[in-house]
Amino acid sequence: MRTADDITRREAIAEYRVVGQPPEPDLEGLVQLAASICGVSTAVINIIDDRSQHQIAAVGFEPNVCAREDSMCAVVFRHPGHVVVPDARVDDRFRDNPFVTGEIADVRFYASSPLITPAGVPIGTLCVFDEEVRELSEQDSRALALLARQVIDVLELRRITRELGRSNEQLAHFAGQVSHDLRNPLTALVGFLELASDGLESADAGLVAEALERADGAAGRMGDLVADLLDFARVGGRPRRSAIDLGSLLHDVVDDLDAPIRASRATIDVGELPRISGDATQLRALMQNLLANALKFSAAGGAQPTIQVRAHELTAGWRITVDDDGPGVPVEQRERVFGLLERGEGADVEGLGIGLSTCRRIVEAHGGRIGIDDAELGGASVWVVLPQQ
């Protein structure tokens, strides 16, 4: 059975897009440097998920995949930390490992340093080893740990470069879409006011009242769009962190959403939530967006929604989930719906498509990640991973 840690790790690994790909020259260069500094002929970058160890770059042998239970790095990976073992045959953790016994290899000297993402998720190791017993100096040991951090820096740089490319595409779409969406309610507003003016001239009080009501609705829609755009822009800054009782914050959010909760007759089931570090204003906007979305889409078909909010403790943070019993989000749309002004196909509900994009910016500003899975309730499970600070 996969744990919350396993799921979070697999999702973090997927974002780097290195498993199953040819070795990258920059990662191979770091592996070669690690082998040279430590005075060994073999070194490898291991990415470890809940099933396998993926060797994504290596020197001294061809990178491959092995079962997690056979991996030496997976043994120390349970409690990530820097490890140096002069002779694996006399270490209780490794003496029976197939890489030591000769079944797969004859490793004697072994040293590794963990690969930990900026969000605090351990995803693998930078490992050096040799068939001869040897020691590693304190200076070389520190260098290995530094190179492990450089591996993460390379992976992050590649991920951010991809994100920037996608953001540039979104901004081009954003300019045209905002112009279109602002023009529509503005045009409607002008038209309804002209209609009201005609009604005044003809002394048709009913026409005037209807036109003004419709004008008010158009103005409200335009105001909502402008407010959402401002929210999106404002979360670009660094969070102002403080200690936050997430349970108390959720209580306030549920109060603020009292009207749609009553209107849909929804059940909101909030489990025990932790105290975390973050920007109270931004995290309140995050949770309000997630709950409002769950309410909106679950109630679209006329059903009485059930929404669950839960927290799961991770090795270095928390995973918060908001589950609903609505129609869910198809797998092929789960990344697209986080784009600016994007919504799920066939979603016949009101909304501007900015909420989830704002949520992603808030989460990433806190050093975390956000995504969508299937919920046990039958709908969507929006998850947020926030690191400890």
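In this text, all values refer to a predicted model and were calculated from it rather than measured experimentally.
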Under 4.5 Å side-chain linkage, directly or through intermediates, the cluster mates of [X]:
{"X": "Val90", "answer": "none"}
{"X": "Leu314", "answer": "Trp383, Val385"}
{"X": "Val331", "answer": "none"}

For [X] against [Y], the heavy-atom pair lying closest together:
{"X": "Ala74", "Y": "Ile48", "result": "N-CD1, 3.9 Å"}
{"X": "Gly120", "Y": "Ala316", "result": "O-CB, 3.1 Å"}
{"X": "Phe61", "Y": "Ala43", "result": "CE2-O, 4.1 Å"}
{"X": "Leu283", "Y": "Gly278", "result": "CD1-CA, 4.0 Å"}
{"X": "His82", "Y": "Ser141", "result": "NE2-OG, 2.6 Å"}
{"X": "Ala311", "Y": "Pro274", "result": "CB-CD, 3.6 Å"}

Hey, any chance [X] and [Y] share a hydrophobic cluster, counting ILVMFWY side chains that come within less than 4.5 Å of each other, even indirectly?
{"X": "Leu356", "Y": "Leu257", "result": "yes"}
{"X": "Ile47", "Y": "Leu157", "result": "no"}
{"X": "Ile268", "Y": "Leu246", "result": "yes"}
{"X": "Ile45", "Y": "Val76", "result": "no"}
{"X": "Val83", "Y": "Val40", "result": "no"}

Would you please name every residue forming a salt bridge (Lys or Arg N to Asp or Glu O under 4.0 Å) with [X], sequence neighbours left out?
{"X": "Asp96", "answer": "none"}
{"X": "Asp140", "answer": "none"}
{"X": "Arg319", "answer": "Glu11, Asp373"}

Would a distance-only check, ignoring hydrogens and angles, find a side-chain to backbone donor-acceptor pair under 3.5 Å from [X] to [Y]?
{"X": "Gln55", "Y": "Val65", "result": "no"}
{"X": "Ser298", "Y": "Ala294", "result": "yes"}
{"X": "Arg241", "Y": "Ser277", "result": "yes"}
{"X": "Thr117", "Y": "Ala119", "result": "yes"}

To the nearest 0.5 angstrom, please state how far the [atom1] atom of [X] sits from the [atom2] atom of [Y].
{"X": "Ile116", "Y": "Ser113", "atom1": "CD1", "atom2": "OG", "answer": "8.0 Å"}
{"X": "Met72", "Y": "Cys66", "atom1": "CE", "atom2": "SG", "answer": "11.0 Å"}
{"X": "Phe297", "Y": "Ile307", "atom1": "CZ", "atom2": "CD1", "answer": "12.0 Å"}
{"X": "Leu273", "Y": "Ile244", "atom1": "CG", "atom2": "CD1", "answer": "12.5 Å"}
{"X": "Phe338", "Y": "Ile372", "atom1": "CZ", "atom2": "CD1", "answer": "4.0 Å"}

Flag the pair [X] / [Y] as yes when at least one side-chain heavy-atom distance between them is below 4.5 Å, and no otherwise.
{"X": "Asn97", "Y": "Asp70", "answer": "no"}
{"X": "Leu295", "Y": "Asn293", "answer": "no"}
{"X": "Gln150", "Y": "Asp153", "answer": "yes"}
{"X": "Leu291", "Y": "Met287", "answer": "no"}
{"X": "Val253", "Y": "Arg284", "answer": "yes"}
{"X": "Ile370", "Y": "Cys359", "answer": "yes"}
{"X": "Val154", "Y": "Ile152", "answer": "no"}
{"X": "His312", "Y": "Arg310", "answer": "yes"}

Legend entry - side-chain contact (heavy atoms from CB on, under 4.5 Å) between Val84 and Phe109, intermediate numbers included: CA-CA 8 Å; Val84 178; Phe109 168 74; 4.2 Å; yes
Is [X] salt-bridged to [Y], going by a charged N under 4.0 Å from an acidic O?
{"X": "Glu156", "Y": "Arg159", "result": "yes"}
{"X": "Arg10", "Y": "Asp6", "result": "no"}
{"X": "Arg93", "Y": "Asp91", "result": "yes"}

Inset, instruction - Take Leu33 and Leu147 through the side-chain contact (heavy atoms from CB on, under 4.5 Å) test and state the conclusion after the steps. - result: CA-CA 8 Å; Leu33 185 57; Leu147 287 175; 3.6 Å; yes
Under 3.5 Å, which donor-acceptor pairs do the side chains of residues 18-31 form with other protein atoms, sequence neighbours left out?
| residue | atom | partner | partner atom | Å |
| --- | --- | --- | --- | --- |
| Glu24 | OE1 | Arg158 | NH1 | 3.4 |
| Glu24 | OE2 | Arg158 | NH2 | 3.4 |

Legend entry - Which residues share a ring pair (Phe, Tyr, Trp, His ring centres under 6.0 Å) with Phe94, sequence neighbours left out: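 Partners of Phe94 under the ring pair (Phe, Tyr, Trp, His ring centres under 6.0 Å) test: Tyr110.
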Legend entry - Contacts of Arg89 that satisfy side-chain hydrogen bond (donor to acceptor under 3.5 Å, both in side chains) - sequence neighbours left out: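 If we apply the side-chain hydrogen bond (donor to acceptor under 3.5 Å, both in side chains) test to Arg89, skipping adjacent residues, the hits are Asp87.
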Residues 121-136 side chain polar contacts: donor-acceptor under 3.5 Å, at least two apart:
| residue | atom | partner | partner atom | Å |
| --- | --- | --- | --- | --- |
| Thr125 | OG1 | Asn46 | ND2 | 3.4 |
| Asp130 | OD2 | Arg134 | NE | 3.0 |
| Asp130 | OD2 | Arg134 | NH2 | 2.7 |
| Arg134 | NH1 | Gly39 | O | 3.2 |

Atom pairs and distances, side-chain donor-acceptor, residues 320-330, under 3.5 Å, sequence neighbours left out:
| residue | atom | partner | partner atom | Å |
| --- | --- | --- | --- | --- |
| Asp323 | OD1 | Ser381 | OG | 2.6 |
| Asp324 | OD1 | Gly326 | N | 2.9 |
| Asp324 | OD1 | Ala380 | N | 3.1 |
| Asp325 | OD1 | Thr306 | N | 3.1 |
| Asp325 | OD2 | Thr306 | N | 3.3 |

Inset, instruction - Begin from the C-alpha positions of Asp279 and His366 and carry the test side-chain hydrogen bond (donor to acceptor under 3.5 Å, both in side chains) through to its verdict. - result: CA-CA 8 Å; Asp279 186 303; His366 283 76; 5.8 Å; no
Inset, instruction - Evaluate the criterion side-chain contact (heavy atoms from CB on, under 4.5 Å) for residue pair Cys73 and Gln53; output intermediate values, then yes/no. - result: CA-CA 8 Å; Cys73 288; Gln53 172 180 272; 3.6 Å; yes
Inset, instruction - Assess whether atom CD of Glu69 is packed by more than 12 heavy atoms of other residues, nucleotides or ligands within 6.0 Å. - result: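 Buried by this count: over 12 neighbours within 6.0 Å.
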Inset, instruction - Can you establish whether the number of heavy atoms outside Glu62 located under 6.0 Å from its atom CD is more than 12? - result: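 For Glu62, atom CD is not crowded (no more than 12 foreign heavy atoms under 6.0 Å).
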Inset, instruction - Only counting residues at least two apart or in another chain, list the ones meeting side-chain contact (heavy atoms from CB on, under 4.5 Å) with Gln139. - result: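 For Gln139 the side-chain contact (heavy atoms from CB on, under 4.5 Å) partners, ignoring immediate neighbours, are Ser137, Arg142.
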Legend entry - Residues Gln308, Leu377; criterion side-chain contact (heavy atoms from CB on, under 4.5 Å); working and verdict: CA-CA 9 Å; Gln308 291 182 345; Leu377 293 175; 3.9 Å; yes
